[in-house]
Amino acid sequence: MGLSETEREHLRCILQQYEEDPRVLEMDQYIQHGCVTTYQHCRNVARVSFWINRRFHVGADETALAVGALLHDFYLYDWHCAGRFQHCRGLRTLFKMHGFIHPLLARENAERCFALSPKVGNIIRSHMWPLTLFHAPSSREAVIVCIADKYCAVLEAVYRNRQKAICA
């Protein structure tokens with residue numbers, strides 16, 4: 001699932017300002033799946049999203065797609081921390097668990113740090129659909145990121161002992 005050199009360069013140009021931002025680079029401090037950091041996972045999702053759009057001729061807005069993919073997990077905490085959600089008991093508190101709440105936190109962080117279009121906000125907020133039932137993707141870009149995120153998460157979990165990202 002490789003991008004051509006031209007495609008990689010175009011993606012680099014779109015994401016350069018974000019990938020140089022220390023707040024975005026902070027995601028590299030947290031593990032997402034296996035040995036893959038949140039930053040690497042988000043870069044994987046951006047590359048796979050870009051590939052899906054190009055190979056299937058979806059016609060998505062590549063800037064919104066790439067930025068939304070890179071920032072989709074911009075929640076900036078270790079979700080593996082045992083104490084973070086230990087008091088989540090019962091149905092009422094179920095929706096405060098990481099899988100349900102992190103898309104909202106990621107979007108809020110991204111909006112605080114960057115000027116986001118509504119489309120990019122929806123990409124971030126809806127990437128966990130259908131888990132986040134009432135926050136469905138509302139654009140082709142959001143659907144692509146939702147699919148790419150699940151694809152990368154599965155590969156990263158299956159190949160959890162590999163140091164390098166394997167899905168892009």
Q. Do side-chain atoms of Asn109 reach the backbone of Tyr75 as a donor and acceptor pair under 3.5 angstrom?
A. yes
(Q) Looking at Ser138, is its backbone amide N or carbonyl O close enough to the side chain of Asn122 to form a donor-acceptor pair, meaning the two atoms are under 3.5 Å apart? (A) yes
Q: Output every pair passing salt bridge (Lys or Arg N to Asp or Glu O under 4.0 Å) with a member in residues 127-155, not counting sequence neighbours, ordered by first then second residue.
A: Lys119-Glu141
Q. Pick from Val120, Asp61, Ile123: which one makes a side chain to side chain contact (heavy atoms under 4.5 Å, CB included) with Val67?
A. Val120
Q: Describe, in one word, how the ring planes of Trp51 and Phe56 are oriented to each other, choosing from parallel (under 30°), tilted (30 to 60°) and perpendicular (over 60°).
A: perpendicular
(Q) Within the 3.5 Å criterion, strictly below it, is a donor on Thr37 or Asp28 matched to an acceptor on the partner's side chain? (A) yes
Q.
Quick one about Asn44 and Gln40 (side-chain donor to acceptor, distance below 3.5 Å, no hydrogens or angles considered), yes or no?
A. yes
Q | Ring centres under 6.0 angstrom apart (His127, His102) | A | yes
**Q.** Electrostatic pair Arg112-Glu108, nearest N-O below 4.0 angstrom
**A.** no
Q: Please step through side-chain contact (heavy atoms from CB on, under 4.5 Å) for the pair Phe74 and Met27, ending with a clear verdict.
A: CA-CA 7 Å; Phe74 190 54; Met27 291 191 294; 3.9 Å; yes
Q | Minimal non-hydrogen separation, Asn53 against Gly59, with atom names | A | OD1-N, 3.2 Å
Q: Sequence neighbours left out, what passes ring pair (Phe, Tyr, Trp, His ring centres under 6.0 Å) with Tyr39? Give chain and number order.
A: none
(Q) For the NE2 atom of His72 and the OG1 atom of Thr38, what is their distance to the nearest 0.5 Å? (A) 8.5 Å
Q: Mind checking salt bridge (charged side-chain N to carboxylate O under 4.0 Å, His left out) for Glu5 and listing every partner two or more places apart, or none if nothing turns up?
A: Arg8, Arg12
